[in-house]
Amino acid sequence: MTHNWTHLRELESESIHILRETVAQFRNPVLLYSVGKDSSVLVHVARKAFHPGPLPFPLLHVDTGYKFKEMLEFRERFTTEIGARLIVHRNDDAIAAGAHPLKLGVARCCGQLKTAALLHALDKNQFDAAIGGARREEERSRAKERVFSLRDTFGQWDPRRQRAELWSLYSGAIHEGETMRVFPLSNWTERDIWQYIVQEKIPVVPLYYAQERLVVRRNGTLIAADDSIHLKDGEVPERMWVRYRTLGCAPCTGAIESRATTLEEIAAETGAAKISERSTRIIDHGTNTMEDKKREGYF
Amino acid sequence: MSGNVLRFTTAGNVDDGKSTLIGRLLVETQGAFEDQIEGAKRENERRGGKGIDFSLLTDGLRAEREQGITIDVAYRYFATPKRKFIIADAPGHEQYTRNLVTSASTSDVALILIDARHGMLTQSRRHAFIAHLLGIRHFIVAINKMDLVDYRREHYEEIRKDFTTFIDRLGGAAIYCVPISALKGDLVTESSTRMPWYTGPTLLELLESIEVDDQQHKLHFRFPVQLVSRPPASPGFPDFRGYMGRVVSGSIRVGDHVVVLPSRARTTVTGIVTHDGLLQEAFARQSVTLTLADDLDVGRGDMISCEPNPPQVRTEFKATLCWISEQKLHLNQRYTLRHTTKTVRAIIGEINHRLNVNTLECESPISELQTNDIGQVRIKTLQPVVCDPYSVNRQTGGFVLIDENNDTVAAGMIEEK
Ligand SMILES: Nc1nc2c(ncn2[C@@H]2O[C@H](COP(=O)(O)OP(=O)(O)O)[C@@H](O)[C@H]2O)c(=O)[nH]1
Ligand SMILES: [Mg+2]
């Protein structure tokens, strides 16, 4: 075997195979682009998969209205630069009604702004396959997920009725109204993601780099003190050196204390991390587990 | 080697200590995080347990944790400076055939757990048999709970002998045995002073050093076409036509003569295109796009292969089926057969025999196959399948059967004749 065939090449090649299978087997696939690091890697691998052709599917961003402004800026710049077709979808009714995690609770807020919005966008555009950057390592219910993961006509996941997936044979057969979620990065870990970002020099949102930022401590999590979070009595913003390990909505995504200002430093810090990245996502706390949310159609 | 990634499957009987072992491997190689371990601890205490129950860390679904059983194959990851590891963790009880067949199909190594007190039981034989049937030729036998037999050598030697005899009966494979205590930590990732008679590597050292010389790389060139690339003109690619796919075995160089099957059209490879530039040569496991000298009618489902030693083109063959559906096999009913990048209609004409996985005897006559049965059948397909026997090439010899509900009902392995 060639001497430079690293674990990153192996993962990349497997992901390319999965992306090509998706395009071959579905009528109208879409790539769920969340603007985060996993999405950046996914888009990068997809561009490699279809070279010298263009991306054969559009990108879909489900915008909750609470995304960090750095994410939206990055999204515009990046998608323009690579010439991708971008669809932005919001649950405008819920946003107009003032949906907010402090008002609805995190689970219901996510249910309206993310899950319902995603299912609506898939339906409205008649997408039959949604390609996402979720990884099995992230969370224990994801460890059981197939690469081609079936959703019923309500967009729901039934973990007890999953199809067996053998060798590298992925079965995309679906009935009218059903959809598929496809996870080409299933076998990647957070460490692999950062090593690959360093190797391939993939651009990521500046929020991943450490910098002095204004944050408040809320239930043990460091939350960015911007307009959307509704400061509570007694909460005093302070300036700290922080960065983000994962990016979601500003009121619900915690930062970590860090001085890592280069990709190499971030990769090294990730290699030594003792706490999982999902611990900074408030959606994963509480009794409504990732499994519940996934059953309902959450990404 | 597949790029310093070792994919292995686990197998063991209930209570042999598989969850304890994997939990320890993950924690000691930092493949599990502190908050996940804390969560597993809290959950155990809520149910009245004490300390950490590693199975709560690995059993991902609520139904599994509530019933205390593992339902489905779970994938776990850890890495050392030497290698990245992908564990396909197959539960030992309910649906064991289905789960082990699935996890073994993507693995190069099987890690079999055996309780030192009980020796090699029927179930261990079954696990070894299925892994061997799926083409695994590297077995690590972890002889666990050595602390409960006073770390005595006889137990280890006896199991080692029994296991080796059994695998030899199946046709042989490389076997590595290591005595461990998953609970106490002896010889898992750290050495042990309690078994001075054992001078071999720890389990982790074994996993790090085991050479699974890449079988696929030594085989003949096979390239199932996934998609045709015909993009709009761009700088450098004014009029491009290429064939996207993954080299599943062998290698190919620019200038090589190839044959496209099933049409048997002959041509030459003119280019190997990747986003990182043009290549002179591509190897097994690489995803690339090939360009050919002639404008042929080539599409998804066709196989590009080397000229001497091409694969077989068949519409009728014998195959071993692992039946995984809860619905029985129906003779003369139509199934969809998915093989490499090709999907064809198929009918199972007859069942030659069923394998008794406990005695390894063939049972016939047989009129049906049920969940977890393994049997040999004769299959007819409506369009030709371009294949090799599974015993020669796992990637071009394996297929699945899909029923009209779109359920995957069987895993199949094509036989020689
Ligand atoms: N004494 C001893 N007990 C063990 C060892 N490994 C596992 N056990 C115990 O055996 C029981 C079953 O272990 P578990 O990991 O759940 O087994 P699984 O069913 O194979 O996953 C538990 O009570 C473990 O604490 C070992 O090496 N020595
Ligand atoms: Mg267990």
Side-chain angles (χ1 to χ4, degrees), chain A residues 1-2 5-17 20-21 23-24 47-54 136-137 139-144 150 159-169 171 173-175 178 186-189 191-192 271-279 289 291-292, chain B residues 1-5 30 33-36 57-63 71-77 79 84 86 98 101-102 105-106 214 217 226-227 229 231-232 234 236-237 240 244 246 273-275 283-287 289 300 324 336 338-339 341 394-395 398-400 402 406-408 411:
Chain A
M1 173 53 76
T2 49
W5 189 248
T6 62
H7 72 286
L8 294 177
R9 289 275 163 252
E10 167 73 17
L11 290 171
E12 177 193 74
S13 185
E14 178 178 74
S15 302
I16 289 175
H17 173 79
R20 289 170 170 176
E21 279 306 290
V23 168
R47 292 177 71 203
K48 285 193 164 190
F50 301 103
H51 172 85
R136 284 172 177 154
E137 171 222 37
E139 206 275 339
R140 59 186 177 182
S141 68
R142 287 199 162 148
K144 306 249 155 169
L150 188 67
R160 295 222 64 161
R161 281 202 57 239
Q162 297 199 85
R163 298 170 178 173
E165 206 158 64
L166 294 110
W167 296 290
S168 25
L169 299 173
S171 171
I174 54 174
H175 290 297
E178 293 175 338
S186 283
N187 288 328
W188 297 54
T189 63
R191 282 171 216 189
D192 300 326
K274 299 230 183 301
I275 306 286
S276 76
E277 63 176 88
R278 298 291 315 183
S279 64
T289 61
E291 181 180 342
D292 296 322
Chain B
M1 64 168 181
S2 33
N4 260 339
V5 178
Q30 290 177 10
F33 292 106
E34 279 172 7
D35 54 309
Q36 295 170 336
L57 194 66
T58 54
D59 291 347
L61 304 176
R62 190 165 358 97
I71 295 168
D72 205 341
V73 180
Y75 296 86
R76 313 264 153 226
Y77 306 86
K84 174 185 168 90
I86 302 180
R98 173 195 168 119
V101 164
T102 303
S105 76
T106 54
D214 195 348
H217 186 231
Q226 288 186 279
L227 284 166
S229 172
S234 64
F237 301 96
F240 187 81
M244 301 190 238
R246 196 173 190 193
V273 179
T274 75
H275 185 266
F283 301 91
R285 313 195 69 79
Q286 269 182 293
S287 286
T289 299
R300 177 171 172 82
I324 58 185
T336 300
R338 183 178 282 282
H339 166 266
T341 58
R394 287 170 87 185
Q395 295 304 320
F399 64 88
V400 294
I402 297 165
N406 291 336
D407 284 328
T408 299

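Convention: sequence-line order gives letters A, B, ...; per-chain numbering from 1.
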Contact class of [X] relative to chain B, heavy atoms under 4.5 angstrom:
| X | result |
| --- | --- |
| Ser15(A) | neither |
| Leu11(A) | side chain |
| Arg163(A) | both |
| Glu21(A) | both |

4.5 Å side-chain heavy-atom contact, Arg285(B) and His17(A):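 Side-chain contact under 4.5 Å: no.
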
Contact check, side chains of His51(A) and Val273(B), non-hydrogen atoms, under 4.5 Å: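 Sidechains of Val273(B) and His51(A): in contact.
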
Closest contact, heavy atoms only, [X] versus [Y]:
| X | Y | value |
| --- | --- | --- |
| Trp167(A) | Phe399(B) | CZ3-O, 3.3 Å |
| Ala49(A) | Met244(B) | O-SD, 3.7 Å |
| Pro52(A) | Phe237(B) | CB-CD1, 3.5 Å |

Verdict with supporting geometry, Ile402(B) and Ser171(A), side-chain contact (heavy atoms from CB on, under 4.5 Å): CA-CA 9 Å; Ile402(B) 297 165; Ser171(A) 171; 3.5 Å; yes

Most chain A-contacting option - heavy-atom pairs closer than 4.5 Å, from Arg300(B), Gln395(B), Arg394(B), His339(B):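 If we count pairs closer than 4.5 Å to chain A, Arg300(B) comes out on top.
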
Choice from Ser287(B), Pro231(B), Gly236(B), Ser234(B) maximising heavy atom contacts with chain A below 4.5 Å: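 The answer is Ser287(B).
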
Inter-residue atom distance [X].[atom1] - [Y].[atom2], 0.5 Å rounding:
| X | Y | atom1 | atom2 | result |
| --- | --- | --- | --- | --- |
| Asn187(A) | Tyr77(B) | CG | OH | 3.5 Å |
| Phe50(A) | Thr289(B) | CZ | OG1 | 9.5 Å |
| Ile86(B) | Glu14(A) | CD1 | CD | 6.5 Å |
| Thr106(B) | Leu169(A) | OG1 | CG | 11.5 Å |

Residues Glu165(A) and Arg338(B) bridged, charged N to O under 4.0 Å: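 A salt bridge is absent here (no side-chain N lies under 4.0 Å from a carboxylate O).
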
Choice from Leu166(A), Ile16(A), Leu150(A) maximising heavy atom contacts with chain B below 4.5 Å: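 Looking at each of Leu166(A), Ile16(A), Leu150(A) in turn, Leu166(A) comes out on top.
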
Interface residue of largest heavy-atom contact number with chain B, from Glu178(A), Arg161(A), Glu137(A), under 4.5 Å: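 Most heavy-atom pairs under 4.5 Å with chain B: Glu137(A).
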
Structural part of Tyr75(B) lying under 4.5 Å from a heavy atom of chain A: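 Both parts, backbone and side chain.
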
Chain A contact via Val400(B) - side chain, backbone, both or neither, heavy atoms under 4.5 Å: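 Contact with chain A: backbone and side chain both.
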
Derivation and outcome, salt bridge (Lys or Arg N to Asp or Glu O under 4.0 Å), residues Glu10(A) and Arg246(B): CA-CA 11 Å; Glu10(A) 167 73 17; Arg246(B) 196 173 190 193; 3.8 Å; yes

Polar side chain donor-acceptor pair, Arg20(A) to Ser229(B), under 3.5 angstrom: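 Ser229(B) and Arg20(A) do not have a side-chain donor-acceptor pair below 3.5 Å.
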
